[in-house]
Amino acid sequence: MQRKRYTPGRTGSAARTAVVLTLGLGLGIGLTGCSAGTPAEDVAVDAKAGPAAPVAPPGRYRTLFEPCGAVPQATLRDLLPGAAALADPERDKAYRGVAAVTYDTDRRVGCTWKADTPDVSHRLELDIERVVSYDTAVSDDDRAQEVYVRKQLAADIPLTPTAPPTTTPPTSPGTGTPSTGAPTPGGTSGAPGATAGTPADGTSPAAGSPSSGAPATEGPASGATPADPASTGLEPRVLEGLGDIAYLDDALSTVGANGRQRAISVVFRTSNVIVTVSYREQTTGSVEAPDSGELQEKARNLARLLAERLEE
């Protein structure tokens, strides 16, 4: 049998290997050419998009404290005087409070306490909300302010008006003194012959009329409204020195045939957290109506304590 001559490079496996290498090299060159154009296209797209819009800053608070444990027991004894007459197990239960049902304790929490006697009942409630803005152009603080304003307007408490900018009279060039209304040396007013307290025509003021140097007569100034004589200082109002902004609401209502209830609400905002303190006292029978001043003071003291807790 005649053998075939061996020729290098003509075997089947060698030929297949050469084909595979050739195809792989061509594919690699093609991929390199495709990827080379990608960065240039990306740069062109980014250049058309323009600068990124600024993102509003987040709020100061990311979590909330546990409300039922935030009120000291000494404060609860003052707010719930009826609990002192309860048996030990019931008194301890009243001081522990009942946590509000919530699905996210980092967004909203609350707690309620109550103590009842035959003639008087007290109820304390805390609601603490952390506001988050999902609009990157609106900060958490601004969104919380919107929520707070809606609460205040719902309580029929007007917003504090913004004071108009103060203006100063124009000054004379080079002197630094007002150019209008300034008396000339010697007390004269600029009109020839006019002296202080004397009109320009030389006549003296009528008897009983104030001279220019005399103090103004008593009475409201032009455009001013006299103080309301019925105002007691305990009406619903804006509060100063509590959080970033705060207000107090006070409402007295009739409950049943001979019961009366006074509800005090103190609401304040600190950054992106809004705290509401609700304190109610209800009396029945011949017991006097709840005292507004006392209840307001207790609610405000608790609100200040919670504001300090937020600063920790």
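Quick note: numbers below take in every heavy atom, side chains included, and nothing from hydrogens, waters or symmetry partners.
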Are Arg108 and Asp127 ion-paired here, with the side-chain N under 4.0 Å from a carboxylate O? yes
All heavy atoms of Ser133 vs all of Val138, minimum pair found to be OG-O, 2.8 Å
Is there a path of hydrophobic side-chain contacts, each under 4.5 Å between heavy atoms, that joins Leu79 and Leu305? yes
So, does Tyr61 use its side chain to make a donor-acceptor pair with the main chain of Leu310 at under 3.5 Å? yes
Closest non-hydrogen atom pair, Ile274 against Val267: CG2-CG1, 4.0 Å
Heavy atoms of Cys68 and Val98 approach each other most closely as SG-C, 4.0 Å
How long is the gap from CG on Asp92 to CG on Leu86, to the nearest 0.5 Å? 10.0 Å
List the atom of Gly82, the atom of Thr117, and the distance in Å for their closest heavy-atom pair. CA-CG2, 3.6 Å
Tell me whether Arg262 contacts the main-chain N or O of Pro290 through its side chain, where contact means a donor paired with an acceptor under 3.5 Å. yes
Would you call Arg91-Asp88 a salt bridge at under 4.0 Å N-O? yes
Please report the shortest heavy-atom distance between Thr283 and Ala289, naming the atom on each side. OG1-CA, 4.2 Å
Run Ile128 and Val273 through side-chain contact (heavy atoms from CB on, under 4.5 Å) and show every step you take. CA-CA 7 Å; Ile128 307 171; Val273 169; 3.8 Å; yes
Looking only at the aromatic ring of each residue, does the gap between the centers of Phe268 and Tyr148 stay below 6.0 angstrom? no
Quick check: closest heavy atoms across Asn272 and Arg60, and the distance to 0.1 Å? OD1-N, 3.3 Å
Over 12 foreign heavy atoms within 6.0 Å of CD, Glu146: yes
Ignoring hydrogens and geometry, is there a side-chain-to-backbone donor-acceptor pair from Arg269 to Ser271 under 3.5 Å? yes
Going by an N to O cut-off under 4.0 Å, is there a salt bridge joining Lys298 and Glu281? no
Between the OG1 atom in Thr284 and the CG atom in Asp119, the distance rounded to the nearest 0.5 Å is 5.0 Å
Report the distance from atom CG of Asp249 to atom OG of Ser265, rounding to the nearest 0.5 Å. 5.5 Å
Counting C-beta onward and ignoring hydrogens, is there a side-chain heavy-atom pair between Leu124 and Leu302 closer than 4.5 Å? yes
State whether a side-chain donor-acceptor pair under 3.5 Å links Ser292 with Asp250. yes
Decide yes or no for Val120 and His122: does some side-chain heavy atom of the first lie under 4.5 Å from some side-chain heavy atom of the second? yes
Aromatic Tyr279 / basic Arg123 pairing, under 6.0 angstrom, 45° off normal: no
Please report the interatomic distance CG(Leu234) to CG(Leu248), rounded to the nearest 0.5 Å. 9.0 Å
Let's go through Glu125 and Trp113 carefully: what are the C-alpha distance in whole Å and the side-chain angles of both, what is the deciding distance for side-chain contact (heavy atoms from CB on, under 4.5 Å) to 0.1 Å, and is it a yes or a no? CA-CA 6 Å; Glu125 183 175 356; Trp113 300 261; over 6 Å; no
Kindly check if the number of other-residue, nucleotide or ligand heavy atoms within 6.0 Å of CZ (Arg280) is above 12? no
Consider only side-chain N and O atoms of Gln282 and Arg260, and report whether a donor and an acceptor are under 3.5 Å apart. no
Hey, does Phe65 have a side-chain heavy atom less than 4.5 Å from the side chain of Val109? no
Please check: side-chain N/O of Arg237 versus main-chain N/O of Glu235, any donor-acceptor pairing under 3.5 Å? yes
Does any donor atom in the side chain of Thr75 or Asp78 lie under 3.5 Å from an acceptor atom in the other side chain? no
About how many Å separate CZ of Arg150 and CD of Gln145, when rounded to the nearest 0.5 Å? 10.5 Å
Close side-chain approach of Arg130 to Asp140, heavy-atom, < 4.5 Å: no
Could you go step by step and tell me if Val132 and Arg143 meet the side-chain contact (heavy atoms from CB on, under 4.5 Å) rule? CA-CA 7 Å; Val132 177; Arg143 187 69 74 201; over 6 Å; no
Are Tyr247 and Val266 linked, directly or through intermediate hydrophobic residues, by side-chain heavy-atom contacts shorter than 4.5 Å (ILVMFWY only)? no
Does this structure show an ion pair linking Arg309 with Glu312, if we count only N-O contacts that are shorter than 4.0 Å? yes
Are Ile245 and Ile157 co-members of a hydrophobic cluster defined by side-chain heavy atoms under 4.5 Å apart? yes
Step by step, would you call Glu240 with Leu242 a side-chain contact (heavy atoms from CB on, under 4.5 Å)? CA-CA 6 Å; Glu240 301 292 340; Leu242 180 61; over 6 Å; no
